[in-house]
Amino acid sequence: MQYNHQEIEKKWQEYWANNQTFKASNTSDKPKYYVLDMFPYPSGAGLHVGHPLGYIASDIYARYKRHKGFNVLHPQGYDSFGLPAEQYAIQTGQHPAKTTEENIKTYRRQLDQIGFSFDWSREVRTSNPEYYKWTQWIFIQLFNSWYNKDSDKAEDISSLISILENEGNINVNAVCDEDIISFSSDDWNSFSSTKQQEILLQYRLTFLSDTEVNWCPALGTVLANDEIVNGVSERGGHPVVRKKMTQWSMRISAYAQRLLDGLNTIDWPQPLKDSQTNWIGRSQGASIKFKVQSSELESNVIASETKQSLSKEEITSSQTPRNDEYEIEVFTTRPDTIFGVSFMTLAPEHELVSKITTDAQKAEVETYIQATAKRSERDRMADVKTISGAFTGAYAIHPFSGEKVQIWIGDYVLASYGTGAVMAVPCGDQRDYDFAKHFDIPIPNIFDNVDISEAAHADKEGTVIANSDFLSGLKYKKALKLAIYEIEKRGFGYGKTNYRLRDAVFSRQRYWGEPFPVYYKDGMPQMIGAKHLPIVLPEVEKYLPTEDGKPPLGNAEVWAWDSKQSTVVSNQLIDNKTVFPLELNTMPGWAGSSWYFNRYMDANNANEFASQEALDYWKEVDLYIGGSEHATGHLLYARFWQKFLFDKDVVPVDEFAKKLINQGMILGTSALAYKANIYMKTGCSLGNHTDDILSKIPPVFVSKGMFNSDNDFETLVKNYLFDNKILCIGDVESLVVGKMPLHADVSFVNSSDELDIEAFKNWRAEFKDAQFILEDDKYIVGREVEKMSKRWFNVVNPDDICEEYGADALRLFEMFLGPLEQSKPWKTSGISGVYSFLKKLWKLFYNGEEISISDVEPTKEEYKVLHKTIKKVEEDIENFSFNTSVSTFMIAVNELTAQKCNKREILEPLLILLSPYAPHITEELWNKLGNKESISTAPFPIFEAKHLVESVKNYPISFNGKMRFTIELPLDLSKEEIEKIVLEHEKTQAQLQGRTPKKVIVVPGKIVNIVG
RNA sequence: GCUCAAGUGGCGGAAUUGGUAGACGCGCUGGAUUCAAAAUCCAGUUUCUUCGGAAGUGUGGGUUCGAUUCCCACCUUGAGUACCA
């Protein structure tokens, strides 16, 4: 009987589905193991062979753990809200729910076809109201929480309210908005309800605020920082501009330190941890306040007084603050260099700029501000070299020396980082240095024995501070400590840790996302009671923003909240007394994916987020496999929500994934056909004759091996046109021929890079009459490794592979390509290797039509093959080195074939070893051997070292470290005996050519090295 | 610029604590089988070679009896980040 993958694979996929073979139980005596794949977005294009790489690896691991006696949870679902479905809806008018459903069907069919051991009874979809009900619920929990720095965790907002009622906010140590006012308990109690709500919003973990957001006009929505790549939107590549909008934000900054600390407790790849560490961007230093000098303002006042003849009273009553009431707060990591400050720079957007600028400088400053506002973020980024700025005319007072320091504005200072102002130390910071040089500002040197005539000196180690009053003569570390001590003692600052991590914008002006469970009363957001969830996404006519610029939900006609009936009602009923408008924004893509791993533990629970028992049993993901592109998005937000839910005692652990592995990308191997790009030489225009000549020339392609240079190519094509009587010699002379590589569909190319010319000609109308300059009667294409993408025609569909070679071959081949974490190119031709391996395996069992298996005791050699395979495969799986175990299987099958082994004692364990990789063929053979249960329930074979014990060793004999020959020797020889035998050996004598060895190294069981 | 990862045959890659570099597979070459093709099987396949051997893991240096593996410098490629004070 022949190996028929199509029949076998279909049969067992049905068997697993019908018998719910991989359904995980929430109660078990076995130890638990939770294997998770990163949430797929079901795109319209379906899967290509790159997508399942990580799924195959995790499936192998999950199946392996089942063999090892674990209760394995291996679920799958869909991150089914998202931009592409909505863009498609805008273009075609089809409801995103409908297209999403169709896409999911395709995904499911493709996934099933590859034979994954998913527990589909736990499938979740983020766009399902039964799921997003709980996303909304988490949002409400965040709204009802604040971050108490004293307890270092999130607490219920009620605990904050009781503090405010009893003692005001003077002693509240919370993560909150920067611009919060101080008030007493009496103040609080006298505030209106609206005022109180406004203040509470400044503390809540999700809050409304006017923030500068990344607005993408083309998509009509805001984007998070991680959704922008190189200044344009990640999806679609549209420009992004800064814009102020009222948005929901998440106070992720409250968790900055814990997100950083948590990295030490989880087994994640170092590069991923590094990029989260960079993204959080902790820096330690000091916050220092510089007073602004008052004299300038007084002269202004006098000037305006004389001009406009204002009375003294009028000036006072106008309440213009005096400049000496202004302070500029800066953050610096180098308080030790404070005596090197020779100017200050504010971001052009800094709120003090308009207040302190002198009349004389006003025009220049305003021009500069306008110029920078016009430049997009991208321009500013691209243009790092140009130094620009303007002097405000105002001065600050150096807190230690009392000297006057010029205050400048410059766009190298970012409004969004730190305080939007820097104390410039040109001798120690290159940007300050460049700025000072450009504007001729003095550059005092405060470093001992350091030359700063060419560049700033930014090194810390070994640097000694000079010309710095009490800091002079101190090394960096000591100076830093003393500077902070003095700053704190004298009361103009304090030691501070700063984070780059910004609060995350959580509103999207889109339709296809989770609606907020929020309505507005007197302009203040109100949460809808948890028992009324889900608030279901309303129907709309159009998925575009409304004409007056509101988000798409502004088109909904039934989108108001009746607070009496606790139900969503028609907008026409809005009276702002009992019926209120609902929030029009929706949540971003990362909302649903920030907690889904918890939902899988109890996916169908209608009453709870997940039951306490399920959460306590499964706890966290033991192995999470996915791409590194989620490093600063999903993986950071999910850790944030998990920590929050942990604080609220909803989940039992504060890191959701113990171990994480990044799978590399599978790249495509594009096929290039070299087309002749033909045009007339300049000056050779022959009027109508030009068109005449060019129209005679068909598309000409040259095989890759026919040319080495562009010159070859040109000559070849010209000769071809002449030899084939397409053009006469004169016309050929007037041509210029260039080489233009065109992407051909990879399906037209065989394993020898030979192009199927007929298929290629029929592919495109313009190639119908194409002619080919061949080599050995073949057209050979060039190959290039590129990202797998439709535009390069190098996409390989797993459906085709499963059809032709089967899922088992696909799974083996994806693993065989190389290490899981690395990116590597796909070349379909290579799959024949694993396919013939499967056929060889089959032949070990089938010799003719009937299965032939022997119950005779295996030989020593057969046991040796089995046990070295068990050892290697087990080690490989534990190390996630799946590529090497595929080789090991090949070696085992090759050796057993050579030994003509058909012993049950050997082949049954071999099937179990292989079954995680190739589940279908192993189920079939296992079944044919007479086993009634699925092979997935069989225990993993146990390695016995006794089968690998050797009595002889083929010793490599090296001379000066170079292996020259080998000698077979018994392993029980002593060092001396080995040395004696080796030195007497004739080949040793030949190598030494009469020289006496200086030294002989003998490592018994390993090697002999002769030096001399 | 900074941070990280990686450079091994024609190609994907292997060599787990420093100990026989190139396992396994693709491709290629030759052969068997076949009317022929596919499939299958056998042999060979790093380079150079005077067929004895010799060189060889991005480049240069170092440690070691011995380095793809450890250390230093550099080059190249890829990824992340981007005026972060």
Side-chain angles (χ1 to χ4, degrees), chain A residues 2 229-231 269-279 281-283 285 330-334 345 380-385 387 410-414 416-425 428-432 434-435 498-500 628-629 631-632 662 664-665 669 751-753 783 785 812-813 816-819 821-834 836-837 839-840 843 872 875-876 879 881 883-891 894 954-966 990-991 997-1003 1005-1012:
Chain A
Q2 293 275 308
V229 176
N230 295 329
Q270 197 56 41
L272 198 154
K273 287 186 182 182
D274 289 344
S275 85
Q276 288 209 349
T277 306
N278 281 335
W279 193 262
R282 178 191 152 108
S283 47
V330 298
F331 174 75
T332 176
T333 53
R334 297 291 304 273
T345 316
R380 268 171 80 165
M381 253 160 50
D383 184 17
V384 182
K385 296 265 153 59
I387 294 158
D411 70 0
Y412 80 97
V413 177
L414 305 177
S416 59
Y417 183 74
T419 58
V422 300
M423 59 173 223
V425 183
D429 181 288
Q430 194 57 44
R431 288 155 308 165
D432 295 343
D434 294 340
F435 195 87
N498 212 36
Y499 300 92
R500 197 186 74 122
S628 56
E629 68 272 22
T632 51
N662 284 134
M665 211 191 313
T669 310
S751 55
S752 316
D753 294 343
R783 308 231 69 166
V785 173
L812 283 168
F813 186 52
F816 189 59
L817 281 177
E821 307 84 347
Q822 271 173 39
S823 35
K824 55 243 159 192
W826 173 277
K827 236 180 149 181
T828 302
S829 56
I831 203 169
S832 64
V834 292
S836 49
F837 158 74
K839 285 190 286 193
K840 277 187 215 165
K843 279 191 187 159
K872 177 85 172 117
E875 282 170 2
D876 283 346
N879 292 320
S881 172
N883 53 326
T884 48
S885 38
V886 179
S887 311
T888 305
F889 289 128
M890 289 175 170
I891 294 168
N894 286 346
N954 202 17
Y955 275 95
I957 312 301
S958 305
F959 292 81
N960 300 318
K962 282 260 165 216
M963 204 282 287
R964 294 306 177 202
F965 58 90
T966 59
Q991 276 291 334
K998 287 188 193 128
K999 201 172 179 182
V1000 180
I1001 312 281
V1002 179
V1003 185
K1006 291 250 172 180
I1007 199 171
V1008 177
N1009 189 20
I1010 298 165
V1011 187

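In what follows, chains are A, B, ... by sequence order, proteins preceding strands, each numbered from 1.
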Table of protein N/O atoms under 3.5 Å from nucleotides 7-10 of chain B N/O atoms:
none

ask   = Between A:Leu812 and A:Met890, is a side-chain contact (heavy atoms from CB on, under 4.5 Å) present by the stated rule, with each step listed?
value = CA-CA 11 Å; A:Leu812 283 168; A:Met890 289 175 170; over 6 Å; no
task = Please state whether the rings of A:Trp826 and A:Phe813 are parallel, tilted or perpendicular, taking 30° and 60° as the class boundaries.
result = perpendicular
message = Does the plane of the ring in A:Tyr417 sit parallel, tilted or perpendicular to the ring in A:Phe331? Use 30° and 60° as the thresholds.
response = perpendicular
OP1 or OP2 of [N] sitting under 4.0 Å from any side-chain N/O of [X]?
X: A:Asn883; N: B:A14; value: yes
X: A:Arg500; N: B:A82; value: yes
X: A:Lys824; N: B:G12; value: no
X: A:Lys998; N: B:C65; value: no
X: A:Ser283; N: B:A85; value: yes

Using atom types as modelled and distance alone, determine if a side-chain donor or acceptor of [X] lies under 3.5 Å from a backbone N or O of [Y].
X: A:Lys824; Y: A:Gln822; value: yes
X: A:Asn879; Y: A:Glu875; value: yes
X: A:Asn498; Y: A:Ser283; value: no
X: A:Thr333; Y: A:Gly285; value: no

task = Identify whether the glycosidic angle of B:G10 places it syn (within 90° of 0) or anti.
result =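 Anti, since the glycosidic angle lies more than 90° from 0.
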ask   = How would you label the glycosidic angle of B:G53: syn (within 90° of 0) or anti?
value =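 Here the answer is anti: the torsion falls beyond 90° from 0.
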Taking [M] as the reference, what is the distance to [N] when you measure between their [atom1] atoms (whole Å, please)?
N: B:G22; M: B:A14; atom1: C1'; result: 8 Å
N: B:U8; M: B:U3; atom1: C1'; result: 26 Å
N: B:U77; M: B:G44; atom1: C1'; result: 34 Å
N: B:G80; M: B:G19; atom1: P; result: 35 Å
N: B:U57; M: B:G7; atom1: P; result: 14 Å
N: B:C2; M: B:A85; atom1: P; result: 15 Å
N: B:A79; M: B:A73; atom1: P; result: 25 Å
N: B:C70; M: B:A82; atom1: P; result: 32 Å

query = What do the steps show when you test A:Val425 against A:Arg334 for side-chain contact (heavy atoms from CB on, under 4.5 Å), and what is the final call?
reply = CA-CA 9 Å; A:Val425 183; A:Arg334 297 291 304 273; over 6 Å; no
Please classify the nucleic acid contact of [X] as base, sugar-phosphate, or nothing, using heavy-atom distances under 4.0 Å.
X: A:Asp432; value: nothing
X: A:Ser836; value: sugar-phosphate
X: A:Ser958; value: nothing
X: A:Asp429; value: nothing
X: A:Asn879; value: nothing
X: A:Lys840; value: sugar-phosphate
X: A:Gln270; value: nothing
X: A:Ser832; value: sugar-phosphate
X: A:Arg964; value: sugar-phosphate

Ignoring the backbone of [X], work out which of [options] is nearest its side chain.
X: A:Pro956; options: B:U16, B:A85, B:U20; answer: B:U20
X: A:Pro819; options: B:A21, B:G13, B:G80; answer: B:G13
X: A:Pro271; options: B:C4, B:A14, B:U20; answer: B:C4
X: A:Lys839; options: B:U40, B:C65, B:G25; answer: B:U40
X: A:Ser829; options: B:C26, B:U3, B:G25; answer: B:C26

Could you check how far [atom1] of [X] sits from [atom2] of [N], rounded to whole Å?
X: A:Arg431; N: B:C83; atom1: CZ; atom2: P; result: 9 Å
X: A:Ile1001; N: B:G18; atom1: CD1; atom2: P; result: 16 Å
X: A:Ile957; N: B:G66; atom1: CD1; atom2: C1'; result: 14 Å
X: A:Met963; N: B:U68; atom1: CE; atom2: C1'; result: 16 Å
X: A:Ile831; N: B:G12; atom1: CD1; atom2: P; result: 18 Å
X: A:Asp274; N: B:G78; atom1: CG; atom2: P; result: 21 Å
X: A:Leu414; N: B:U81; atom1: CG; atom2: P; result: 16 Å
X: A:Asn960; N: B:A67; atom1: CG; atom2: C1'; result: 15 Å

Along RNA chain B (nearest heavy atom to each residue), the more 5'-positioned of A:Ile891 and A:Asn1009 =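 It is A:Ile891 whose nearest nucleotide is closer to the 5' end.
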ask   = If you pin A:Ser628 and A:Val1011 to their nearest nucleotides in RNA chain B, which one's is more 5'?
value =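 In this pair, the answer is A:Val1011.
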ask   = Below 3.5 Å, does any donor atom in the side chain of A:Lys1006 face an acceptor in the base of B:U20, or the other way round?
value =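 Side chain to base: no pair present.
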task = Enter the distance from A:Ser832:OG to A:Phe837:CZ here, rounded to the nearest 0.5 Å.
result =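 CZ of A:Phe837 is found 14.0 Å from OG of A:Ser832.
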Pairwise N/O distances under 3.5 Å, protein to nucleotides 28-33 of chain B:
from  : atom 1 : to       : atom 2 : distance (Å)
B:C28 : OP1    : A:Ser752 : OG     : 2.6

query = Run the side-chain contact (heavy atoms from CB on, under 4.5 Å) check on A:Tyr412 and A:Ile387 step by step: do they pass?
reply = CA-CA 8 Å; A:Tyr412 80 97; A:Ile387 294 158; over 6 Å; no
Consecutive-pair stems (3 or more, Watson-Crick or G-U, under 3.5 Å) for RNA chain B =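 Expected stems, ordered by start: B:1-7 with B:75-81, B:10-12 with B:24-26, B:27-32 with B:40-45, B:46-48 with B:53-55, B:58-62 with B:70-74.
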Could you tell me which non-hydrogen atom of [X] sits nearest to which non-hydrogen atom of [Y], and how far apart they are?
X: A:Pro956; Y: A:Ile1007; result: O-CG1, 3.5 Å
X: A:Gly961; Y: A:Ser958; result: C-CB, 3.9 Å
X: A:Arg500; Y: A:Asn278; result: NE-O, 3.4 Å

key: side-chain contact (heavy atoms from CB on, under 4.5 Å) evaluation trace for A:Lys840 with A:Asn894   = CA-CA 8 Å; A:Lys840 277 187 215 165; A:Asn894 286 346; 3.1 Å; yes
